[in-house]
Each structure stands twice: as structure tokens, then as C-alpha cells.
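Along the sequence shown, residues carry numbers from 1.
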Amino acid sequence: MTNGQPQHPPAGHEYLDLKQAAIICSVSEERFNKWIDKGVVPVVEGKEGRLIHSHDLVQHLVRHNIPIPDRLLQGNSRKILFVLTDESIPHTVTIEVIRTLCALRKETAYIFDFVRFDDNLELKVITFHPDKIVLLQENPDDREPVRLLRKLTNDATPVYAFAAERAVELKQFLSE
């Protein structure tokens, strides 16, 4: 429900019933219903009852560090993890990241998340299992964070250190 009004699923979108969503999240239907009641997972009213849009379920899984099953990754979806090494990222870097993602969104579906370079990074890498990692840092020549990320992923995930002056490289990196 949105604004107190039930929504109906538009045609052509993938929806899951509560049982399917609970199984995907590895929780009981009762637990999943509690998430819905708390407003953590949005639902729509369908012909057979309440349904969850697969995109909303993916967002829930990402927020709560629950692995995303392959069946929810439609088509050529890519998971990109942005890792922030500094408390604040320069405005120019933020703008370039947003522009690059907007330019590429028509070519590929992206699922992305942002995390700080801290003690929670390993958990996010393990559960999110990104296809690519973009390291946002003020000094892209500092190779230590890149080395640690590569070690964390056993060199299985491409890692790119990004600064605003390398915007063209970021677009190319995400396109590959």
C-alpha cells in the first residue's frame, strides 16, 4: 500500500508471492509478514493477494546484507559496490558517479550499494558479492585500500580507484 491506497501490479513486471519471497530470504512466512507490517518491504495487491516486486525485494536484501539469489538478477544485471574511504566525497566525484550511472542505465541494469571502508566492509562484500568494486577516495594513488579489497575478494572482483579527473575511465570500467 502507498499513501493508504492499495497498489495493483502493472503488467510485465516480476512479482513474488509472500511464500516465494520468504523462501528467497531464508525466513519464515511469519517473519516476512512482520517485515511487511513494519513497512520494511513494500507490497502491492494482486489478484491472488499481496505481492512483492522483485526490485523491492532486491533493495531489501541489499539493505540488510542478505545475499541476492541469482533468480532475482534479471537479464544482465550487475552488482556494483561503491566503497568510500573518506567521510565525505568531493561533490565533483559524486556528480561524475551519478552521471556515469545514468548514462549506462539504459545498457545494463545495475544494483549498487555504498559502504564505508571499515570493519563492515568484509560482511558487505561477502553478502553482496559484487561484480565490480569502485573505490571512491580523495587520493586514488593510495594503493593500500585497493590491495586490501583485492585480498578480500581473492582477486576475483575487479577493483577501480576513482577520482573526479578519471570520469571517462569510470564509465569504461563500468561498461566492461
Within the 4.5 Å heavy-atom criterion, are [X] and [Y] side-chain neighbours or not?
| X | Y | answer |
| --- | --- | --- |
| Leu16 | Ile24 | yes |
| Lys79 | His129 | yes |
| Arg150 | Arg143 | yes |
| Val62 | Lys124 | yes |
| Gln137 | Pro145 | yes |
| Leu152 | Leu121 | yes |
| Val146 | Tyr160 | no |

Give the minimum heavy-atom separation between [X] and [Y], together with the two atoms involved.
| X | Y | answer |
| --- | --- | --- |
| Pro67 | Leu61 | O-CD1, 4.0 Å |
| Phe128 | Ile111 | CZ-O, 3.6 Å |
| Ile52 | Val43 | CG1-CG1, 3.9 Å |
| Phe32 | Ala21 | CZ-CB, 3.4 Å |

[atom1]-[atom2] distance between [X] and [Y], expressed to the nearest 0.5 angstrom:
| X | Y | atom1 | atom2 | answer |
| --- | --- | --- | --- | --- |
| Leu81 | Thr157 | CG | OG1 | 9.5 Å |
| Glu30 | Leu18 | CD | CG | 13.0 Å |
| Ser28 | Lys34 | OG | NZ | 7.5 Å |
| Gln20 | Asp17 | CD | CG | 4.0 Å |
| Glu122 | Thr127 | CD | OG1 | 10.5 Å |
| Leu136 | Phe117 | CG | CZ | 12.5 Å |

Are there over 12 heavy-atom neighbours, none belonging to [X], within less than 6.0 Å of that residue's [atom1]?
| X | atom1 | answer |
| --- | --- | --- |
| Asp37 | CG | yes |
| Glu144 | CD | yes |
| His64 | NE2 | yes |
| Phe82 | CZ | yes |

Criterion side chain to side chain contact (heavy atoms under 4.5 Å, CB included) on His60 and Trp35, from CA distance to verdict: CA-CA 10 Å; His60 171 75; Trp35 289 347; 3.2 Å; yes
Chi angles and distances behind the side chain to side chain contact (heavy atoms under 4.5 Å, CB included) call for Val83, Ile133: CA-CA 7 Å; Val83 179; Ile133 297 175; 3.7 Å; yes
Side chain to side chain contact (heavy atoms under 4.5 Å, CB included) evaluation trace for Ile80 with Asp131: CA-CA 6 Å; Ile80 300 173; Asp131 297 307; 5.9 Å; no
Residue pair His53, Glu14: steps toward the side chain to side chain contact (heavy atoms under 4.5 Å, CB included) verdict: CA-CA 6 Å; His53 189 279; Glu14 183 179 330; over 6 Å; no
Option passing side-chain contact (heavy atoms from CB on, under 4.5 Å) with Tyr15 (candidates Asp56, Leu57, Val44): Val44
